[in-house]
Peer 1: 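Okay, here's the structure, questions in a sec.
First the proteins, then the strands, lettered A, B, ... as listed; each starts at 1. Model, not experiment: these values are computed from the prediction.
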Amino acid sequence: MDLSFIKGDDNVACAALIVCELPDFEVVYEDITMVPLTVPYIPGFLGFREAPSLVDAFFRLCDTQPSLVPECLLVDGNGALHPRGFGLASHIGVLCDIPTVGVAKNLYHMDGIVRDDDHKQKISQLCKPGDHFALDTSAGETLGLALKTSASSTKPVYVSVGHKISLVTAAWIVCHCSKFRIPEPVRQADVRSREFIRKHKEHQELNKT
DNA sequence: GCGACAG
DNA sequence: ATCTTGTCGC
């Protein structure tokens, strides 16, 4: 039920697609691969850098385990909460033709949406999982939500529409997938890709001498 | 003009 | 994103 991405070094990263099954988020499929990166990281253009490898992983899932293709992807990055309204989650949704939700761990500043004192004040008002507030542009358009996902975290996650889903539904899904701050499918993709990178580096060390 | 800026 | 030590609490 997800997708994520981890960086190895400058030219190679680790793409991870994890499928979790309810009710306990048991991992029933994982596709973790080292991928070469040719496009640099430029804020605002993350989709062009990371979407291709992740879309590849999704199509591998479609080919090999069609019965495990989820109804929705949770993407580590923004969707509509983006300077041009089209972040990584939007790229993946369109290319894979599947509903996607953007889940960012940090706020990406843009027109009228900044981590100022007002924003910090609103965060401090969030008290229980599910509490949230809208992220509105200076023109009054809601691009996403700051959502508290776990009782023990001060920091919210930033949820936005990726593709073929409403913001309310997106927030509902993120909320119900969260044991900790980061929704479990994204967290598993994160944990497992780090682990993969660690083993990969060990393997490289052995081959040196 | 300069810095900040999802991962 | 990554590097890094300890610390607190269940």
Side-chain angles (χ1 to χ4, degrees), chain A residues 2-18 32-57 73-95 100-120 123 135 137-138 142-147 149-163 167 170-171 174 179-183 185-202 204:
Chain A
D2 159 55
L3 224 149
S4 173
F5 209 90
I6 285 295
K7 184 172 176 180
D9 56 59
D10 276 335
N11 294 317
V12 60
C14 185
L17 191 170
I18 303 295
I32 301 177
T33 46
M34 300 299 295
V35 294
L37 290 179
T38 52
V39 183
Y41 170 64
I42 300 170
F45 297 88
L46 183 64
F48 296 98
R49 174 171 162 88
E50 301 197 349
S53 330
L54 295 171
V55 169
D56 284 350
L73 299 176
L74 300 187
V75 178
D76 191 354
N78 289 313
L81 183 55
H82 180 273
R84 293 171 300 283
F86 206 81
L88 174 61
S90 319
H91 283 242
I92 292 172
V94 169
L95 294 171
T100 58
V101 176
V103 184
K105 299 183 276 293
N106 295 290
L107 180 63
Y108 186 18
H109 292 202
M110 64 199 78
D111 172 47
I113 300 177
V114 291
R115 194 175 52 251
D116 55 11
D117 289 337
D118 179 56
H119 183 84
K120 290 173 185 165
I123 287 177
L135 301 167
T137 247
S138 45
T142 298
L143 297 189
L145 299 174
L147 173 70
T149 50
S150 89
S152 57
S153 76
T154 341
K155 218 180 164 185
V157 294
Y158 297 97
V159 178
S160 61
V161 168
H163 189 54
L167 185 53
V174 170
K179 280 157 75 178
F180 307 108
R181 182 172 87 101
I182 305 303
V186 177
R187 204 176 71 86
Q188 284 304 319
D190 219 307
V191 167
R192 289 166 187 247
S193 49
R194 283 175 202 280
E195 178 73 4
F196 186 91
I197 288 170
R198 194 180 60 72
K199 285 180 181 168
H200 186 84
K201 284 181 177 169
E202 279 175 14
Q204 279 184 334

Peer 1: For A:S138, what residues pass the side-chain hydrogen bond (donor to acceptor under 3.5 Å, both in side chains) criterion, not counting sequence neighbours?
Peer 2: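 Once residues adjacent in sequence are excluded, the partners of A:S138 under the side-chain hydrogen bond (donor to acceptor under 3.5 Å, both in side chains) criterion are A:D111.
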
Peer 1: Write down the distance between CZ (A:R84) and P (B:dA6), rounded to a whole number of angstrom.
Peer 2: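 Checked: the CZ to P distance equals 14 Å.
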
Peer 1: Does the aromatic ring of A:Y41 sit over the six-membered base ring of C:dA1, closer than 5.5 Å centre to centre and tilted less than 30°?
Peer 2: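 The ring of A:Y41 is not stacked on C:dA1.
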
Peer 1: Between A:R49 and B:dA6, is there a contact of a side-chain N or O with OP1 or OP2 at under 4.0 Å?
Peer 2: no

Peer 1: With sequence neighbours left out, what residues match A:S90 under side chain to side chain contact (heavy atoms under 4.5 Å, CB included)?
Peer 2: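 Checked A:S90 against side chain to side chain contact (heavy atoms under 4.5 Å, CB included); matches are A:F86.
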
Peer 1: Where does DNA chain B pair, written as one dot-bracket string 5' to 3', with Watson-Crick or G-U pairs under 3.5 Å, ( ) inside the strand, [ ] for crossing pairs and | for another strand?
Peer 2: .......

Peer 1: Within this structure, what is the CG-to-P distance between A:D76 and B:dG7, rounded to whole angstrom?
Peer 2: 6 Å

Peer 1: List the residues meeting side chain to side chain contact (heavy atoms under 4.5 Å, CB included) with A:T33, not counting sequence neighbours, and say none if there are none.
Peer 2: A:A15, A:D31, A:V35, A:R60

Peer 1: NA contact type, A:N106, heavy-atom cut-off 4.0 Å: base, sugar-phosphate, or nothing?
Peer 2: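 Contact class for A:N106: sugar-phosphate only.
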
Peer 1: Please state how far atom CD1 in A:I92 lies from atom P in B:dA6, giving the value in whole angstrom units.
Peer 2: 17 Å

Peer 1: What residues, two or more places apart in sequence or in another chain, satisfy side-chain hydrogen bond (donor to acceptor under 3.5 Å, both in side chains) together with A:R84?
Peer 2: none

Peer 1: Are there runs of at least three consecutive Watson-Crick or G-U pairs touching DNA chain C, with each pair's two distances under 3.5 angstrom? Give them by first number.
Peer 2: none

Peer 1: Just the rounded figure in Å: distance from P of B:dA6 to CZ of A:F86.
Peer 2: 20 Å

Peer 1: Within the structure shown, what part of the strands sits under 4.0 Å from A:G102 by heavy-atom distance: base, sugar-phosphate, or nothing?
Peer 2: nothing

Peer 1: So do A:F45 and A:P40 actually touch side chain to side chain, heavy atoms under 4.5 Å?
Peer 2: no

Peer 1: What's the CD-C1' distance between A:E50 and C:dA1, to the nearest Å?
Peer 2: 9 Å

Peer 1: Shorter than 3.5 Å, N or O on both sides, protein versus nucleotides 4-6 of chain C: list them out with atom names.
Peer 2:
none

Peer 1: Working to the nearest 0.5 Å, report the span between NE2 of A:H119 and CG of A:L107.
Peer 2: 5.0 Å

Peer 1: B:dA6 P sits how many Å from A:L143 CG, rounded?
Peer 2: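 In whole Å, B:dA6 P lies 16 Å from A:L143 CG.
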
Peer 1: Without decimals, in angstroms, what is the distance between A:L88 CG and C:dA1 C1'?
Peer 2: 14 Å

Peer 1: Could you tell me how far apart A:L46 (CG) and B:dA6 (P) are, to the nearest whole angstrom?
Peer 2: 10 Å

Peer 1: Considering residues at least two apart in sequence or located in another chain, which fulfil the side chain to side chain contact (heavy atoms under 4.5 Å, CB included) criterion with A:P156?
Peer 2: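 Only A:I123, A:L126, A:A146, A:Y158 meet the side chain to side chain contact (heavy atoms under 4.5 Å, CB included) criterion with A:P156.
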
Peer 1: I'd like to check the side-chain hydrogen bond (donor to acceptor under 3.5 Å, both in side chains) partners of A:K155; sequence neighbours left out, ordered by chain and number.
Peer 2: A:N106

Peer 1: What residues in residues 107-117 of chain A put a non-hydrogen atom under 4.0 Å from any atom of DNA chain B?
Peer 2: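 Only A:L107, A:Y108, A:R115 qualify.
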
Peer 1: If you look at every strand shown and take non-hydrogen atoms under 4.0 Å, does A:F45 touch a base, only sugar-phosphate, or nothing?
Peer 2: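 Base contact.
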
Peer 1: Please list, chain by chain and in numerical order, all residues satisfying ring pair (Phe, Tyr, Trp, His ring centres under 6.0 Å) with A:F196, sequence neighbours excluded.
Peer 2: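 Per chain and number, A:F196 pairs via ring pair (Phe, Tyr, Trp, His ring centres under 6.0 Å) with no residue.
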
Peer 1: Taking A:S150 for the side chain and A:F180 for the main chain, is one N or O donor matched with an acceptor at less than 3.5 Å?
Peer 2: no

Peer 1: Using 4.0 Å as the upper bound for N to carboxylate O, is an ion pair formed by A:R198 and A:E195?
Peer 2: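 Counted as a salt bridge, because a side-chain N and a carboxylate O are separated by less than 4.0 Å.
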
Peer 1: Check whether any side-chain heavy atom of A:I182 sits under 4.5 Å from a side-chain heavy atom of A:V103, and report yes or no.
Peer 2: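 Of all side-chain heavy-atom pairs linking A:V103 with A:I182, none is under 4.5 Å.
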
Peer 1: Test of understanding: with side chain to side chain contact (heavy atoms under 4.5 Å, CB included), list the residues that count as partners of A:T100, not counting sequence neighbours.
Peer 2: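 Testing A:T100 for side chain to side chain contact (heavy atoms under 4.5 Å, CB included), a comparison that skips the adjacent residues, returns A:L73, A:V75, A:A89, A:I92, A:I98, A:H163.
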
Peer 1: Show, in sequence, the C-alpha distance, side-chain angles and deciding distance for A:E50 and A:H91, and conclude whether the side chain to side chain contact (heavy atoms under 4.5 Å, CB included) test is met.
Peer 2: CA-CA 9 Å; A:E50 301 197 349; A:H91 283 242; over 6 Å; no

